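Below: one structure, written as structure tokens.
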Amino acid sequence: MAIKVRNDKCVGCSKCVKECPFDAITVIGKLAIIGPKCTNCSKCIDACPFDAIENVEEEKTGAVDISLYHNVWVFAEQREGRFVNVSIELLGEGRKLADEIGCEVCAILCGDGMEGLVDELFEYGADKVYYADAPELRSYNTDAYTKVIYEAIMRHKPEVVLLGATHVGRDLGPCLAVQCGTGLTADCTKLDIDPEDKKLMQTRPAFGGNLMATILCPDHRPQMSTVRPGVMQKPERQEGRRGERIDLEVSFKDGDIRTHVLEVVKSLQERVSLTDAKVIVSGGHGLSSGGKTPEEGFALVKQLADCLGGVVGSSRAAVDAGWIDRSHQVGQTGTTVKPHLYIACGISGAIQHLAGMQTSDFIVAINKDKDAPIFEVADYGIVGDLYKVIPAIIGALGR
Ligand code: FAD
Ligand code: SF4
Ligand code: SF4
């Protein structure tokens, strides 16, 4: 048995909300929505003066009626009024999935006075934008964003919800999945969808990156994934493209938001943006060899990166050794990158490093070991001492 609200009878009076001992009911507009906290105690049935709540038979599997769910949603993450790149990348990926199953791509945007961003989402491919506007949504807040997006999901029932695997997406995704009573596959690197049964095939590294696992969420909806930044292609912007904006009702009562952002303090530490870089020159454990220090090695790597207008990356071994800040780390537990040119210097090519850079357009590897695995993914491999090869390249570039 399962508790259901009849849309045709509910008037949104909220009497059932007060009666529920498990805080399982939310009223959005003129409709009560029963959430996954419901224990089937039936108290709300008697509380409703309009006979709008029923206890109905449900299949023993506990599976939800997946035929009610449509469309692919992308969480449009903005920071201070600018979208993070992965949200735009996900609109492109969402478009591909939606075309496979013949539905719409929708973005969900939360903010305070950010209507100006809606058109940008249409231009990157959103057919609809669900927009939630409130001062409480100005910057990311777990409780506020979870409540608003959860209510929108319960009301509009998307088939798929995609979020970037950013700090925000990694916090919000699990909260939403728990509230919705569905699954979440974190840190996906590939998505496919079955056009027949609409099952999302969510692929991510597993067992320390030694194999790729494809995960399904067959019985619950929405199907939810966080996706690593830099893995999917950013779609072309189509100036002037428009869609439908749907304004979400937003209301908070005392206790809904348990934490408040008092101040945002930006780190002064030098950080690098690897995801947008067109050229990356990375250094690994091999920088400390032949009597040279890692400082000398990274100075050489930086010199080459500067010559090519690029930025410095690194392997995890160099980060773990304390040679360079973690923001430079490329790989499974670092940043996934897709530059036009990736130069790996003194990096062996462990699978966890390759997971973060092997889709780069052009890969050059410099390693003194001719059997190093990095050469298997390299377009050009230079077998030699990086302390001889890099200065020779810089010299050839005329610097
Ligand atoms: P090494 O494997 O020690 O390779 C050094 C290379 O330098 C060697 O191939 C050597 O031949 C070469 N060399 C030495 N001297 C010279 C020289 N003078 N000139 C030219 N070549 C030289 N690693 C990552 O990079 N990113 C990740 O995100 C990441 N995530 C991980 C997650 C998990 C769960 C685990 C278990 C591991 C992860 N790792 C990651 C670590 C990974 O397994 C490797 O240990 C690491 O990538 C090795 O770094 P490296 O290639 O710099 O060092
Ligand atoms: Fe709807 Fe009945 Fe609940 Fe009122 S008490 S919100 S009519 S279900
Ligand atoms: Fe709340 Fe009980 Fe009604 Fe479920 S059946 S919504 S737990 S009052």
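Small disclaimer: the values here were computed from a predicted structure and weren't measured. Every number for a ligand or one of its atoms is a count from 1 in the order of the listing. Residues: numbered from 1 along the sequence shown.
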request  = Output the list of atoms in ligand 1 that are nearer than 4.0 Å to some heavy atom of Gln332, sorted by atom number.
outcome  = 27 (C), 28 (O)

query = How does Thr39 reach ligand 3, if at all, at less than 4.0 Å between non-hydrogen atoms: by side chain, backbone, both, or neither?
reply = both

request  = Identify, by atom number and element, the atoms of ligand 1 in contact range of Gly334, meaning under 4.0 Å from any of its heavy atoms.
outcome  = 28 (O)

inquiry  = Taking the basic N atoms (NZ, or NE/NH1/NH2) and the acidic carboxylate oxygens, is any pair closer than 4.0 Å for Arg138 and Asp133?
reply    = no

note = So the atoms of ligand 2 within less than 4.0 Å of a heavy atom of Phe50 turn out to be 7 (S)

key: Charged N-O contact under 4.0 Å between Arg95 and Asp99   = yes

key: Sub-4.0 Å atoms of ligand 1 with respect to non-hydrogen atoms of Ser315   = 25 (O), 49 (O), 50 (P), 52 (O)

task = Using a strict cut-off of 4.0 Å, indicate which atoms of ligand 2 neighbour a heavy atom of Ile53.
result = 8 (S)

key: Distance flag, aromatic centroids of Tyr130 and His156, threshold under 6.0 Å   = yes

Proximal atoms of ligand 1 relative to Ala350 (non-hydrogen, under 4.0 Å) = 42 (C), 43 (O), 44 (C), 47 (O)

task = Taking only heavy atoms of Cys48 into account, list the atoms of ligand 2 that are under 4.0 Å away from them.
result = 2 (Fe), 5 (S), 7 (S), 8 (S)

query = Counting from 1, what ligand 1 atoms have a heavy atom of Gly331 closer than 4.0 Å?
reply = 26 (N), 27 (C), 28 (O)

Contacting atoms of ligand 1, where contact means under 4.0 angstrom from a heavy atom of Gly284 = 52 (O)

query = Going by atom types alone, do Thr214 and Thr203 pair a side-chain donor with an acceptor below 3.5 Å?
reply = yes

query = In terms of side-chain geometry, is the basic nitrogen of Asp306 or Lys302 positioned less than 4.0 Å from the acidic oxygen of its partner?
reply = yes

ask   = Is any NZ, NE, NH1 or NH2 atom of the basic residue among Arg242 and Asp119 found under 4.0 Å from an Asp or Glu carboxylate oxygen of the other?
value = yes

request  = Output the list of atoms in ligand 3 that are nearer than 4.0 Å to some heavy atom of Ile25, sorted by atom number.
outcome  = 6 (S)

query = Is any side-chain N of the basic residue among Arg79 and Glu77 closer than 4.0 Å to the acidic one's carboxylate O?
reply = yes

query = Relative to the heavy atoms of Asp385, which atoms of ligand 1 are at a distance of less than 4.0 Å?
reply = 17 (C), 18 (N), 19 (N)

inquiry  = Is the contact between Ser348 and ligand 1 made by the side chain, the backbone, both, or neither, using heavy atoms and a 4.0 Å cut-off?
reply    = both

query = Applying a 4.0 Å heavy-atom criterion (strictly less than), which segment of Ile45 is in contact with ligand 3: side chain, backbone, both, or neither?
reply = neither

message = Using a strict threshold of under 4.0 Å (side-chain N to carboxylate O), is an ion pair present between Arg258 and Asp143?
response = yes

task = Report, in ascending order of atom number, the atoms of ligand 1 lying under 4.0 Å from any heavy atom of Ser289.
result = 15 (N), 16 (C), 17 (C), 18 (N)

inquiry  = Taking 2.8 Å as the cut-off, does Cys16 contribute an N, O or S atom near atom 3 (Fe) of ligand 2, distance below it?
reply    = yes

task = Decide, yes or no, whether a salt bridge links Asp320 with Arg326 under the criterion of side-chain N to carboxylate O below 4.0 Å.
result = yes

note = A student checking ligand 2 against Cys13 at a 4.0 Å heavy-atom cut-off should list atoms 4 (Fe), 5 (S), 6 (S), 7 (S)

